[in-house]
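One structure is given below, encoded as structure tokens.
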Amino acid sequence: MITRLRSFLTIRVLNGGVANSLSSHLRVISCQRISSMSTKPKVFITRRVPESGPTLLKTQCEVAQWNKDDPIPRNELLSSVKGVDALFCLLTEKIDGELLDAAGTSLKVVGTMSVGYDHVDLQACAERGVKVGFTPNVLTNAVAELTVALLLATSRRLKEAIRAVENGLWGTWKPMWLCGPGLEGSTVGIVGFGRIGMAVARCLKPFAVNCMLYTDFAERPAEAKEIGAEFRSLDEVLAASDFVLACVALTPDTKEMFNKDLFKKMKKTSVFINTSRGGVVQQDDLYQALVSGEIGAAGLDVTTPEPLPTDSPLLTLDNCVALPHIASATHNSRGAMSELTARNILSALNSQPMPSEIKAS
Ligand SMILES: O=CC(=O)O
């Protein structure tokens, strides 16, 4: 136990950036002494995150943190979680049996600062009695907003336009130059009509879209009526839509669902937008669809892998806009995600209902 505490606290201080000085040694030792007396639950935070979460956690817990913008190496993570009561993680950390076992039986809760949880093995957590929290709702509008921004950037060819201005290719105003499809009078198809899909539909309403279609495992009649969206089969949505928006969660059922067969079913002019997870797209097929003119353009906030390597063929295409997974990146959303992650953790530690718990199905 003492060894566990020692490694926990050493990391805490090392990440404060004072590891090599004598004073840091003294600090490590004094922290260990104080903390070995501490009865507060221990939480490990896997990254530098907005302060709202860590500040809240520190009111009740002993907090150690990988206080950097780059992910913690897996080995470091495995040793850092030993003996913790709670783990505050991000979508970049794979939460599997190995990690849960490295944490040990003290681990009661994993709070991921994300709405997606495809990186968490829910079954492995359930088997070990570890609760899992996530952060729905607080990022919905930010993600919807970015989905619309990406749709517009892709359809209105902003990447080419910005490059043209910066590279002196502007020339003069030309009637035929950099035209693209507009939203007015268009048909928009939303694949996955959950919180985010619906919020995107609401955001698009003022753009004079002619027809809003959606598809999902089941109809959502009440919400669809309020938004003015119509349910269709996936094939019907693909065939009819000028814009196809991927708003599905990544699950075994949706993995690489956007493959060559689906791209073939879309209009040759269609604009495909993905702000969910890169894993829902078969990326080589997408590249072929874009190059061969099977579809018109693609806007991606998420890719496989992330970061997308700079030599990815997708980046050579004018009709593909890629962003670095920033859909929820507003100050407010990220702050709220951090705080909700902390609230999930504290509730679980206090045996209270968690504000947003994921249950294994
Ligand atoms: O992709 C971001 C999230 O899942 O929150």
Side-chain angles (χ1 to χ4, degrees), residues 45-50 52-54 69-72 87-96 109-122 125 131-151 190-200 203 245-258 272-281 283 298-308 321-345 354-361:
I45 304 178
T46 59
R47 195 80 64 84
R48 195 168 85 86
V49 294
S52 48
D69 288 325
D70 289 322
I72 181 168
L87 178 62
F88 181 130
C89 70
L90 307 184
L91 54 86
T92 40
E93 280 87 49
K94 199 168 164 48
I95 308 301
D96 54 10
V109 56
V110 171
T112 180
M113 192 185 124
S114 61
V115 67
Y117 48 84
D118 45 284
H119 56 296
V120 182
D121 182 340
L122 296 182
C125 289
K131 290 179 178 294
V132 183
F134 70 140
T135 63
N137 302 315
V138 292
L139 45 58
T140 301
N141 290 334
V143 175
E145 195 175 276
L146 194 282
T147 306
V148 175
L150 184 55
L151 185 157
I190 299 177
V191 180
F193 206 54
R195 283 177 296 263
I196 291 173
M198 285 183 219
V200 174
C203 279
L245 313 182
C247 297
V248 285
L250 174 60
T251 66
D253 288 333
T254 62
K255 190 169 161 47
E256 299 194 349
M257 68 176 278
F258 291 95
F272 171 70
I273 303 296
N274 184 12
T275 49
S276 62
R277 283 289 183 271
V280 304
V281 175
Q283 224 162 250
L300 312 171
D301 183 47
V302 285
T303 57
T304 308
E306 292 182 5
L308 187 64
V321 175
L323 301 178
H325 203 149
I326 54 167
S328 65
T330 66
H331 297 300
N332 283 349
S333 281
R334 290 284 165 85
M337 289 164 75
S338 179
E339 185 183 325
L340 179 52
T341 307
R343 290 201 289 123
N344 279 333
I345 288 173
M354 293 161 72
S356 299
E357 180 177 1
I358 313 162
K359 301 242 195 237
S361 47

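Order of appearance sets the numbers: ligands from 1, and atoms from 1 within every ligand. Values below: every heavy atom of this structure, side chains too, minus hydrogens, waters and symmetry copies. Bear in mind the structure is a predicted one, so any value in this text is a computation, not a measurement. Just so you know, residue 1 is the first one in the sequence shown, and it goes up from there.
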Could you report the tightest heavy-atom contact between Thr112 and Thr135, atom names first, then the distance?
O-CG2, 3.6 Å
If I take atom CD1 from residue Ile45 and atom CD1 from residue Ile72, how far apart are they, to the nearest 0.5 angstrom?
11.5 Å
Below 4.0 angstrom from a heavy atom of Met337, which ligand 1 atoms are there? Numbered from 1 as shown, please.
5 (O)
Check each atom of ligand 1 against the heavy atoms of Gly116 and keep those under 4.0 Å away; list them by number with element.
3 (C), 4 (O)
Under 3.5 Å donor-acceptor, Ser276 side chain and Val248 backbone
yes
Is there at least one pair of N or O atoms, one from Leu91 and one from ligand 1, spaced under 3.5 Å apart?
no
Ligand 1 to Leu139, heavy atom cutoff 4.0 Å, flagged ligand atoms 5 (O)
Which pair of non-hydrogen atoms, one from Phe134 and one from Asn344, has the smallest distance, and what is that distance?
O-ND2, 2.9 Å
Ligand 1 N/O within reach of Arg277 N/O, cut-off under 3.5 Å:
yes
May I ask you to identify the nearest protein heavy atom to atom 5 (O) of ligand 1, giving residue, atom name and distance to one decimal place in Å?
Val115 N, 2.8 Å
Indicate yes or no for a side-chain donor-acceptor contact from Gln283 to the backbone of Gly278 under 3.5 Å, with no hydrogens or angles considered.
no
If you measure every N or O of His325 against every N or O of ligand 1, does any of those distances drop under 3.5 Å?
yes
For the backbone of Gly335 and the side chain of Ser52, can you confirm whether one donor and one acceptor N or O come within less than 3.5 Å of each other?
yes
